[in-house]
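To keep things clear, I will list the structure first and then write my remarks on it.
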There are 2 protein chains.
Amino acid sequence: MSKQQEKSQQTRHELEAAAIRLFGQKGFLETSIAEITSSAGYSKGSFYRHWESKGELFLQIIEDKLKSYREQRDGQHPKARDLDEAMGAIWDFLETIIDDNDWSRIFLEFTMHATRNKALRQALNQGAYRLSNELFASLVGEHVDSGYPPEKIGALNTALFEGFLIHSALGTGVLNKTDVRRAALLLARSNALKSNAE
Amino acid sequence: MSKQQEKSQQTRHELEAAAIRLFGQKGFLETSIAEITSSAGYSKGSFYRHWESKGELFLQIIEDKLKSYREQRDGQHPKARDLDEAMGAIWDFLETIIDDNDWSRIFLEFTMHATRNKALRQALNQGAYRLSNELFASLVGEHVDSGYPPEKIGALNTALFEGFLIHSALGTGVLNKTDVRRAALLLARSNALKSNAE
DNA sequence: ATCTTCTGTAACCACCGGTCACTTATTGAC
DNA sequence: GTCAATAAGTGACCGGTGGTTACAGAAGAT
């Protein structure tokens, strides 16, 4: 790699890091390009050497993070013995999202924008939700035997996770991680969902 | 009420209605004051006769809606006989929120902003979440007898609802209302949450 | 009739995302 | 080593934004 390319990549990473911090703390629209560049020690115009628009950077940040999550998932094969163990592994993973304050806020904001934008919605469905639903659904298909569709169990668990993510971001403090893990496990045992009996 | 006051109130309502529609469809920050006023047939400056800022209008819209929800709740006393019936009444109510597309998007967006703003966070905790948690918790306290704290059951159900609200706003279509009602009922039966047994 | 009060107007400000002509540093052919 | 080509980085600039304010004109009081 040439000196120029190295310098360019370094600048790119510096701007990215500044953007992630500012997007997380202030929000996407509330953060100006001038803020991003100047907080990393550059001028506004330099931004456009690396991205076409602020939106493109936002999308790239999302996709990079989802890619790293996917790699993280593929890297570990815990071979869970039962439902409890498998669910535990999933929530160990999900809690790293919740614990990363900047990122969880960026993700929630991206989700909001996706409710109004078809292209973003597709990116989200094929990215984050597919990842989450796959995680839950495969686990259910492997460890739970009932007629209730695994993808519904997956979606219910994803919904619960997203609700808890908001709960955590708001810092209301009624629920803790253990509460939600128990609830998720309850939802994964799908027999009670199919028939309404206990 | 004088002619002037009448005219002023009418203008206010016209601007409010235009704002709700635009905030829902485009988002708060993406909607300009000029758009709100001109779509209602007024000039930009007139806005400031009625509100101090766009943020004040946003907050007022939220508070008005929450107030109307609270009145709606207090107005009906269904005297549910059992858990299923009581939960059904709550979800009949919650689904009116989901079915109102503009409003549910506005609410989600407000929630996002609240994760970064203490004043908004307090307004949300004392408004929407208190309402939702109270609804669920009182129901659980009345119909379910177990050692698991009712406010936790309330918060879990609120989280599930919020996740489903996002799910609906994104239109992924895996879950339907019946699925979530069943899951909510499952979470309300707290015995299984306390001990992890089925 | 006229003086006051209040709604609505439009010009104005600082700042935004994005563009572009420019400077400066690196590269590679000779 | 020379020098033209290429690249990164700069900052003035553009149309449009949220917000401010001096002013016009209708309504109300006397």
Side-chain angles (χ1 to χ4, degrees), chain A residues 1-23 25-62 106 109-110 113 116-117 119-120, chain B residues 1-62 106 109-110 112-113 116-117 119-120:
Chain A
M1 191 181 294
S2 72
K3 244 187 184 178
Q4 269 186 355
Q5 284 174 316
E6 265 179 42
K7 176 74 181 121
S8 175
Q9 267 211 359
Q10 193 196 326
T11 304
R12 193 183 168 96
H13 288 142
E14 285 170 11
L15 291 175
E16 252 178 61
I20 288 172
R21 188 169 39 82
L22 287 165
F23 287 165
Q25 285 170 6
K26 303 185 54 182
F28 171 68
L29 288 165
E30 295 89 338
T31 299
S32 73
I33 290 173
E35 268 179 307
I36 296 170
T37 51
S38 77
S39 91
Y42 296 92
S43 73
K44 184 176 162 183
S46 69
F47 181 91
Y48 293 91
R49 291 276 161 212
H50 302 280
W51 299 276
E52 280 193 359
S53 68
K54 200 168 67 158
E56 197 196 80
L57 169 58
F58 194 49
L59 204 59
Q60 186 222 293
I61 288 172
I62 303 285
I106 289 173
E109 187 171 16
F110 182 74
H113 285 118
R116 299 188 179 96
N117 182 305
L120 298 187
Chain B
M1 191 182 292
S2 72
K3 247 186 181 177
Q4 269 187 357
Q5 283 174 316
E6 265 178 42
K7 176 76 181 117
S8 175
Q9 266 211 359
Q10 194 196 325
T11 304
R12 193 183 169 98
H13 288 140
E14 284 170 13
L15 291 174
E16 251 176 63
I20 289 172
R21 187 170 40 82
L22 288 165
F23 286 165
Q25 285 170 6
K26 303 185 53 182
F28 172 69
L29 288 165
E30 294 91 338
T31 299
S32 74
I33 290 174
E35 268 179 307
I36 296 170
T37 51
S38 76
S39 91
Y42 295 93
S43 73
K44 184 176 162 184
S46 69
F47 182 92
Y48 294 91
R49 290 280 160 211
H50 301 281
W51 299 277
E52 279 193 1
S53 68
K54 198 167 66 157
E56 197 197 79
L57 169 59
F58 194 50
L59 205 59
Q60 186 221 293
I61 287 172
I62 303 285
I106 290 174
E109 187 171 17
F110 183 73
M112 290 308 97
H113 284 119
R116 299 189 180 98
N117 181 306
L120 297 188

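Note that the coordinates shown come from a computational prediction; the quantities given were computed from them, not determined experimentally. All chains are named by letter (A, B, ...) in the order of the sequence lines, taking the proteins before the strands, and each is independently numbered beginning at 1.
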For residues [X] and [Y], report the shortest heavy-atom separation together with the two atoms involved.
| X | Y | answer |
| --- | --- | --- |
| A:Thr31 | A:Leu22 | OG1-O, 3.3 Å |
| A:Ile20 | A:Ile106 | O-CD1, 3.5 Å |
| B:Arg21 | B:Ser39 | NH2-OG, 3.6 Å |
| A:Gln25 | B:Arg116 | O-CD, 3.3 Å |

Roughly how far, to the nearest 0.5 Å, is the CG atom of B:Leu15 from the OH atom of B:Tyr42?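 The CG atom of B:Leu15 is 6.5 Å from OH of B:Tyr42, to the nearest 0.5 Å.
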Could you give the [atom1]-to-[atom2] distance, from [X] to [N], as a whole number of Å?
| X | N | atom1 | atom2 | answer |
| --- | --- | --- | --- | --- |
| A:Leu29 | D:dG18 | CG | P | 11 Å |
| B:Phe58 | D:dG18 | CZ | P | 14 Å |
| A:Ile33 | D:dT10 | CD1 | C1' | 15 Å |
| A:Gln10 | D:dA7 | CD | C1' | 16 Å |

Contact list please: residues 11-21 of chain A against DNA chain D, heavy atoms, distance less than 4.0 Å, in numerical order.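 Residues of residues 11-21 of chain A under 4.0 Å from DNA chain D: A:Thr11.
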Using a cut-off of 4.0 Å on non-hydrogen atoms, how would the nucleic acid contact of A:Thr31 be classed: base, sugar-phosphate, or nothing?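 Contact class for A:Thr31: sugar-phosphate only.
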Whether the A:Gln9 and A:Gln5 side chains hold a donor-acceptor pair (N or O, under 3.5 Å, no angle test) is what I'd like checked.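 Not at all, the side chains of A:Gln9 and A:Gln5 share no donor-acceptor pair under 3.5 Å.
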According to the side chain to side chain donor-acceptor pair (under 3.5 Å) rule, which pairs have a member within residues 43-55 of chain B, sequence neighbours left out?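 Found B:Trp51-B:Gln60.
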Any salt bridge (Lys or Arg N to Asp or Glu O under 4.0 Å) involving residues 24-35 of chain B? Give me the pairs, sequence neighbours left out, ordered by first then second residue.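 Qualifying pairs, neighbours excluded: B:Lys26-B:Glu35.
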Side chain proximity check, B:His113 to B:Leu59, heavy atoms < 4.5 angstrom: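 No, every pair of side-chain atoms sits at 4.5 Å or beyond.
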In the structure I gave you, are the side-chain heavy atoms of B:Gln10 and B:His13 within less than 4.5 Å of one another anywhere?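 When only atoms from C-beta onward are counted, B:His13 and B:Gln10 do not touch, as no gap falls below 4.5 Å.
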Report the residues that fulfil ring pair (Phe, Tyr, Trp, His ring centres under 6.0 Å) with B:Phe58, sequence neighbours left out, ordered by chain and then residue number.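 For B:Phe58 the ring pair (Phe, Tyr, Trp, His ring centres under 6.0 Å) partners, ignoring immediate neighbours, are B:Phe23, B:Phe28, B:Phe110.
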Which two nucleotides bound the region of DNA chain C that has atoms under 4.0 Å from heavy atoms of chain A, read 5' to 3'?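 Counting from the 5' end, contacts occupy C:dC16 to C:dT27.
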Selection: residues 41-55 of chain B, any non-hydrogen atom under 4.0 Å of DNA chain C: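 Residues of residues 41-55 of chain B that come under 4.0 Å of DNA chain C are, in numerical order, B:Tyr42, B:Ser43, B:Gly45, B:Ser46, B:Arg49, B:His50.
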